[in-house]
Each structure stands twice: as C-alpha cells, then as structure tokens.
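Okay, so here's the structure we're looking at.
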Number of protein chains: 2
Amino acid sequence: MKENKPATIKDVALLAGVAPSTVSLVLNSSDKVRKETRDKVLDAVKKLNYVPNNFAVSLRQSHYICLGVLVPDLYNSFYLEIVKGLRDRCNETGYPIYVSETKNSLAEEERQISYLRSIKVNCFVFIGTGDDDTQLVQNLLMNPNNHVAYADKYDETGTIPHVVIDNYRSAYDAMTCLIQNGCENVYYVTQKVMSAPVQKRMDGVIDAMKQHGIYSENKIVVANDVLLGKLEAGYYAMTSILSKEVPDGVMASSDYLAIGMKRVLSERGLRIPQDVSMIGFDNIDISRYTVPSLSTVNQPREQMGRLTFSLVTDRDATYTAANNRFVLQHDFIIRESIRSQKG
Amino acid sequence: MKENKPATIKDVALLAGVAPSTVSLVLNSSDKVRKETRDKVLDAVKKLNYVPNNFAVSLRQSHYICLGVLVPDLYNSFYLEIVKGLRDRCNETGYPIYVSETKNSLAEEERQISYLRSIKVNCFVFIGTGDDDTQLVQNLLMNPNNHVAYADKYDETGTIPHVVIDNYRSAYDAMTCLIQNGCENVYYVTQKVMSAPVQKRMDGVIDAMKQHGIYSENKIVVANDVLLGKLEAGYYAMTSILSKEVPDGVMASSDYLAIGMKRVLSERGLRIPQDVSMIGFDNIDISRYTVPSLSTVNQPREQMGRLTFSLVTDRDATYTAANNRFVLQHDFIIRESIRSQKG
DNA sequence: ATGAAAGCGCTAACAT
DNA sequence: ATGTTAGCGCTTTCAT
C-alpha cells in the first residue's frame with residue numbers, strides 16, 4: 001500500500017466520517033470528544049500513517065517554543081556535556097531543540113541565528129561564544145518573545161542571565177596548588193581564543209604566580225589550537241617550552257591541551273609527577289584513565305546546561321542572581337599528576 | 001525601536017510600496033525585478049529586520065528538503081565524526097540538518113522519526129542504529145518522497161544504500177597482527193550491544209584465533225559498557241581478565257574500551273607492549289597521544305558521512321554498488337602498543 | 001515588470 | 001459533542 005502524498009487531517013476526517021476540527025480536537029485534548037468518535041479517529045490516524053504537519057501547526061499557532069543552541073565547536077566534549085544538560089531537560093519537557101555550530105565565526109553565528117529565527121525559535125542559548133556577538137543578541141531581544149541565556153559566557157551588563165563557574169578563582173587555586181606543592185618554575189599553556197572565561201583563568205593564574213614571585217611573561221604560552229587541534233597544539237606548546245628549559249610544573253587551560261603536552265614529556269623521558277607536575281582544566285572523561293591520571297578542575301557541565309534551560313524558558317524570572325550571574329561550584333580534582341610535597 | 005511582532009512579507013511590501021508577490025520575487029530570484037524596485041524592497045527588509053517565516057514557506061511549497069540523522073549516542077566521537085561529514089556537506093549545499101539521539105532504544109527511535117516526519121524531513125540517515133528498526137524504515141519508504149541511507153549499519157536486503165568498512169576483515173587482520181607478532185594468549189573485549197558491525201568484528205577476531213589454534217570461548221569478554229560508560233567498562237573487563245591470568249595480548253572493539261583497559265595494566269605494573277600487546281578500534285584522536293600510543297583500526301569517518309549524504313540526497317542513483325553496499329577502505333595503524341617480534 | 005488572488009494544512013472561535 | 005469557517009505567511013499562477 002503505497003501512499004503518494006502524506007495524509008492530511010482532511011483524509012483522516014474523511015475516513016473517520018467526522019470533521020477536521022474533530023480530528024484536531026482528538027489529537028490535542030482527548031477529553032472533549034466522545035470515546036466512540038475518538039477511537040474512530042485514532043483508528044483512521046493509524047491506518048493512514050498520519051503525522052501532523054508541524055509547519056501548518058506552527059504557522060497557525062504563530063508562536064513556536066523551541067530552543068536554539070549556539071556552540072563554537074560541536075566536537076568538544078566540554079560543550080557537548082552542557083548541551084546534554086539542555087537536551088535532557090528538553091526531552092523531559094517536550095521542547096524541540098536545535099543545535100548549531102558557529103566555529104568562532106561571527107558571520108556563521110549570524111547565519112545560524114537567522115535560520116533559527118526563520119523557524120521561529122524563540123529561546124536562544126549561547127554557549128561559550130565570543131564577546132563580539134552582543135549586537136546580535138540585542139537584535140534578538142528587540143522582539144520581546146525572544147529569550148536569551150548564556151552558559152560559560154559572561155554578560156557584564158547584567159541583563160542576560162548567564163551560568164558560569166568562578167573561572168578566576170578556580171585557576172588561581174589550581175596554580176597556587178602547584179606552587180604550594182613545591183613547584184618554582186611553572187608554565188601556563190592557554191588556548192588561543194581569549195573568551196572571557198579563558199581570560200579570567202589566565203588572570204587568576206598570573207595573579208597566583210605574581211603573589212608567589214614566580215611570574216614572568218614568558219611563562220605564559222599560547223597554544224596554536226585554532227590551526228592544529230588541541231592535542232597537537234598542546235604537543236607543540238610543550239615542545240617549545242622544553243626547547244628552552246625543563247620546568248617543574250605545567251598547567252593547561254584544558255585537559256586536551258594537557259594530554260598533548262603530557263605526551264612530549266613522556267617521549268623525553270621526563271616523569272610525571274616526579275620531574276614535572278601537571279594540571280589541566282575541564283575534567284574530561286579520559287583524564288581519570290590516563291597514566292598518570294590528570295589533576296584538573298571540574299566544571300558541573302550538565303548542571304550548567306540544565307540551569308541554563310530553566311533560565312531561558314522561564315517566563316516569570318523565578319530564578320534570580322546578582323547581575324544575572326549564576327555561579328556554580330567547581331571542584332578541584334587532585335590526581336596522580338601532582339607530586340605532593342607540601343611547603 | 002521595539003518590534004512587537006516579527007515583520008511579515010506584507011509589512012515589507014507596504015513599506016516598500018509594492019505587492020507582497022514582488023517582495024517574494026526579490027527574495028527568491030533576483031533577476032526578474034527592476035533594480036530600482038529591488039533596492040527599495042531590500043531596504044525595507046533590512047529596516048524591518050525581516051526574516052521569512054520558514055513554516056509558511058515550507059507549508060506553501062509543501063515539500064521540504066532536510067536531513068534527519070539518527071544516532072544511538074551523541075557523545076561518542078565515532079558517530080560525531082560521521083555526523084561532521086554529513087554536516088559539512090549540508091553546509092556546503094544549504095540543506096538544513098536535524099540530529100537526533102536514539103539511545104539504542106526502538107521506542108525513542110520511533111518518537112524521533114515521528115517528529116522528523118512532522119517537520120517534513122524527507123531524507124533520513126541512520127548511523128549505527130540497531131537491526132530491529134527495519135520495519136520503521138519500511139514505513140518511511142512507503143512515501144516515495146522519503147529517502148533513506150545508512151552509515152555503519154548493514155542492510156542485507158540490498159535495497160537501502162549503506163556505507164561501511166569491512167568490519168570482518170579489519171578485525172581479522174588486527175587479531176592476526178597480534179598473533180604474528182608473537183602473542184599466544186590473547187583476549188578480545190567487545191562492547192555489549194551486538195550491532196551487525198560489532199558482530200562482524202567479533203566473527204573476524206574469532207576466525208583469526210581459530211585459524212591459529214588459540215581460540216577458546218573464555219577469550220571473549222563482553223564489557224559492561226551499557227551500564228558503565230566505555231572507559232570504566234574497559235577498566236572492569238581488564239580487571240576481570242587479570243583476576244584469572246596475565247595475557248600477552250589484548251584487543252578491544254573500541255579505543256575507549258582499550259584506554260580503560262590500559263589503565264589497569266599500568267596500575268598492576270604490567271608494561272605495554274613488553275608484557276602485553278594492545279590494539280583498539282576506531283582511531284579516536286587521543287589514541288595517538290596516549291603513552292604508549294595505541295595501535296588501532298581507522299575508519300574514514302568523515303568520508304563515510306560525506307558519502308552517505310550523497311547517497312541519501314541523490315535522486316537519480318548516480319552512485320551504485322553491489323547490493324547497495326559501499327565499502328570504504330579502513331587503515332590498520334600500528335603504534336607503540338604492539339611489540340614487533342615477527343614469527 | 002508588477003499586482004491580485006488562491007490555497008498549502010492546521011486550529012480556534014463560533015455556530016449548531 | 002461536533003461541524004463550519006476564517007486565516008496564519010507565504011508562493012505561484014494568471015492578469016495586467
């Protein structure tokens with residue numbers, strides 16, 4: 001039995017011997033129709049393999065509640081975990097969710113937003129995108145039906161709800177830990193794109209170094225992760241450090257970088273943590289299983305996603321925080337890659 | 001300037017002093033309208049921040065070309081790379097793409113398909129989903145507008161184009177390599193969900209073992225990766241093997257499993273590859289950077305995605321293969337985790 | 001080169 | 001409890 005065109009509500013009505021509006025009623029609120037009629041309709045629906053045309057529904061209802069998510073990189077497990085939190089909440093509540101990749105490009109971001117608007121998405125979540133998109137966001141908010149929230153992204157105006165961890169503090173503490181465990185010559189390798197969170201981490205690292213009198217500009221190394229991929233970028237960053245000297249500690253702005261760096265140390269016969277202590281950032285799943293396991297800072301990523309969902313779908317602002325900044329707790333996870341040698 | 005309702009084509013027409021149909025003409029084919037009129041229209045579009053309502057467009061045009069992708073697990077980098085290939089081709093050609101997670105659940109798959117159909121998706125790509133969804137697919141194909149292709153999934157009927165590697169052969173070769181390099185007591189750890197590709201790999205492994213007279217049933221260990229996550233599942237599988245004996249070689253059906261297994265060996269002071277040779281499957285990005293680096297089988301994942309895109313969007317079957325099976329080349333990647341000791 | 005008008009499939013207000 | 005009907009925003013003949 002080949003169907004040529006998908007069945008419409010009219011076809012169902014015809015087959016069931018009722019009016020289209022009755023079919024609609026059955027499909028949307030089951031209690032306003034006599035059971036007998038209802039069964040006839042549902043029978044016809046099944047027989048015709050009927051699926052409502054969402055375009056017609058949404059056109060008619062003129063509003064459409066759907067989450068649009070913008071992420072720089074869809075292959076970064078850090079972002080993916082935040083998206084997972086969003087996705088789970090969407091599944092729980094029946095919201096459609098559309099995830100787009102922006103590749104750190106403002107033009108791409110604009111293109112994606114335009115598409116999302118064309119399909120009447122009205123809830124926009126920005127995860128970790130650059131700081132230059134504030135104008136885009138303002139544009140979006142011109143329509144009061146639109147809602148915006150950020151995850152892992154700051155809003156200094158205090159108008160847009162955003163979920164972050166204390167990036168400054170967590171990085172400050174991580175670097176301090178290295179120092180307190182005896183490191184005196186520490187390098188910090190950071191990713192290239194200086195989003196606000198990454199900037200704040202660097203500030204924290206530098207302040208910690210300064211406070212212990214071990215800061216100098218050349219201790220900060222910018223990895224070439226835009227061109228190379230994080231693992232390889234870490235590998236090259238560490239290689240360049242070793243071409244100058246062997247530090248007694250290294251910190252990276254992400255675990256991926258750290259794993260690339262670790263590989264070089266092993267190749268050179270340097271032992272972690274005996275020769276070099278090491279700490280990453282993000283706590284990706286593999287960090288616990290590397291040899292030695294990697295110390296790191298954990299961000300509650302899924303929880304960030306879940307909270308962001310609430311913020312962007314919340315029509316009544318039941319959630320509040322000073323300056324719309326929701327700061328979640330990070331954890332500092334000490335594993336084998338740091339030698340413990342207090343003092 | 002707050003806009004309350006998004007601008008419609010009428011608003012644009014009004015402001016530009018033309019008819020709605022003219023606006024439509026301008027927006028869709030630029031050459032049928034006088035330049036002067038065109039500019040007026042584009043001006044109005046910009047002023048009103050106008051974005052076409054895709055629901056209305058698609059409703060009117062009644063067909064909609066959009067890719068719907070179904071994946072068991074959105075946090076598995078293997079699938080993600082295939083999706084990346086699809087996504088790139090979509091971006092190149094302007095197709096929208098909607099990616100759904102099915103979690104190895106038939107019910108979830110059904111739910112997602114129903115949603116995709118409601119938004120008039122007509123191209124369906126199944127990546128690595130179970131074998132029990134053939135009925136769903138047949139249902140889909142009742143409508144001749146719908147198109148289906150598989151990636152990393154077999155179709156034995158020969159009706160549905162599918163892209164795979166030679167899973168049997170690649171696994172057979174990998175196991176043979178271990179044996180030829182001197183391993184005599186080898187275990188194979190496989191993931192639990194026995195999709196056809198995973199089954200074929202196991203068949204290949206077992207045949208290679210048998211051919212060299214080293215097969216026995218207890219050499220095959222099924223990891224508990226449904227409950228635990230692959231890393232941890234690998235960890236426990238290896239632990240259980242070591243509770244019986246120390247093999248001289250292990251192979252895993254995925255790199256993730258292998259990394260979990262590797263950790264146990266290191267903890268027990270067993271050296272790779274001196275004491276135990278090791279090989280994984282999938283060539284995830286980290287495998288090159290682990291210490292020691294992990295030997296593995298590479299699938300051309302992005303290419304699989306790109307080809308699958310062509311197959312599902314191709315209206316004229318310009319691509320052909322025997323039984324609709326498109327077999328891409330795998331690579332066998334030898335790294336440090338195998339000791340080389342021919343004979 | 002541009003305008004007028006019909007209709008895609010659905011829902012909701014109103015009528016019965 | 002169910003049917004009738006108008007109209008969401010757009011494209012696409014068909015006129016002009």
Side-chain angles (χ1 to χ4, degrees), chain A residues 3-42 44-45 48-65 114-115 117-122 143 145, chain B residues 3-42 44-45 48-65 114-115 117-122 143 145:
Chain A
E3 52 180 271
N4 275 326
K5 290 256 172 203
T8 71
I9 202 168
K10 263 191 191 167
D11 302 325
V12 176
L14 207 65
L15 181 60
V18 300
S21 55
T22 306
V23 177
S24 172
L25 233 45
V26 170
L27 262 41
N28 296 307
S29 54
S30 43
D31 49 350
K32 288 189 173 173
V33 180
R34 217 176 40 201
K35 185 177 181 330
E36 195 184 324
T37 326
R38 218 172 78 84
D39 289 347
K40 272 195 302 186
V41 169
L42 292 178
V45 164
L48 294 172
N49 201 0
Y50 169 75
V51 179
N53 182 333
N54 228 298
F55 293 140
V57 175
S58 299
L59 176 59
R60 177 57 226 241
Q61 297 190 333
S62 84
H63 73 284
Y64 177 53
I65 300 187
S114 176
Y115 175 70
R117 284 181 53 187
S118 81
I119 59 170
K120 296 290 159 197
V121 162
N122 69 333
N143 182 332
N145 283 321
Chain B
E3 51 179 272
N4 275 325
K5 290 256 172 201
T8 73
I9 202 168
K10 264 191 190 165
D11 301 326
V12 177
L14 206 67
L15 181 60
V18 299
S21 52
T22 307
V23 177
S24 172
L25 234 46
V26 170
L27 261 40
N28 295 308
S29 55
S30 42
D31 49 350
K32 287 190 174 173
V33 179
R34 218 176 40 202
K35 185 177 184 328
E36 196 183 324
T37 324
R38 220 172 74 83
D39 290 347
K40 270 194 305 185
V41 169
L42 292 177
V45 164
L48 293 173
N49 201 1
Y50 170 73
V51 179
N53 181 335
N54 229 299
F55 293 140
V57 175
S58 299
L59 175 59
R60 177 56 227 244
Q61 297 188 334
S62 82
H63 74 283
Y64 177 53
I65 301 186
S114 176
Y115 175 70
R117 285 181 54 186
S118 81
I119 60 171
K120 295 291 158 198
V121 162
N122 69 332
N143 183 332
N145 283 321

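Chain A is the first sequence line, chain B the second, and so forth, proteins listed ahead of strands; every chain is numbered from 1.
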Closest approach of Ala13(A) and Ala19(A), non-hydrogen atoms and distance?
-> CB-C, 3.7 Å

Interatomic distance, Asn53(A) atom CG to Arg117(B) atom CZ [nearest 0.5 angstrom] = 11.5 Å

Leu27(A) CG to dT2(D) P: how many Å, rounded?
-> 15 Å

Stretch residues 51-61 of chain B: residues that reach within less than 4.0 Å of DNA chain C through a heavy atom | Leu59(B), Arg60(B)

Using the closest heavy atom to pick a nucleotide of DNA chain C for each, name whichever of Lys10(A) or Val18(B) lands nearer the 5' end.
-> Val18(B)

Between OG1 on residue Thr22(A) and CG on residue Leu25(A), distance to nearest 0.5 Å | 6.5 Å

To the nearest 10°, let me know how far the axis at one end of the helix from dA1(C)-dT16(D) to dT16(C)-dA1(D) is tilted from the axis at the other, five pairs an end.
-> 40°

For the atom pair CG (Asn143(A)) and CG (Asn49(B)), what is the distance rounded to the nearest 0.5 Å?
-> 9.0 Å

Do Asn54(B) and Tyr115(A) touch side chain to side chain, with heavy atoms closer than 4.5 Å?
-> yes

To the nearest 0.5 Å, how far apart are CD1 in Ile9(A) and CG in Leu48(A)?
-> 12.0 Å

Considering all heavy atoms of both residues, which atom of Asn122(A) and which atom of Ile65(A) are nearest to each other, and what is their separation?
-> OD1-CA, 3.5 Å

At under 4.0 Å, does any side-chain N or O of Thr22(A) touch on OP1 or OP2 of dT2(D)?
-> no

Between atom CG in Leu14(A) and atom P in dG3(D), what is the gap in whole Å?
-> 12 Å

Rounded to whole Å, CG of Asn28(B) lies from P of dC10(D) at a distance of 11 Å

Looking for any heavy atom pair under 4.0 Å, which part of the strands does Ser21(B) touch: base, sugar-phosphate only, or nothing?
-> base

Answer with base, sugar-phosphate or nothing: what part of the nucleic acid does Ser24(B) contact at a heavy-atom distance below 4.0 Å?
-> base

Any side-chain heavy atom of Leu27(B) sitting closer than 4.5 Å to one from Tyr50(B)?
-> yes

Considering all heavy atoms of both residues, which atom of Leu59(B) and which atom of Ala56(A) are nearest to each other, and what is their separation?
-> CD1-CB, 3.9 Å

What pair of heavy atoms forms the shortest contact from Ile119(A) to Phe55(B), and how long is it?
-> O-CZ, 3.2 Å

Going 5' to 3' along DNA chain C, which nucleotides are the first and last within contact of chain B (any atom under 4.0 Å from a heavy atom)?
-> dA1(C) to dG9(C)

Go through Val26(B) and Thr37(B) one step at a time and tell me if the side-chain contact (heavy atoms from CB on, under 4.5 Å) criterion holds.
-> CA-CA 9 Å; Val26(B) 170; Thr37(B) 324; 5.8 Å; no

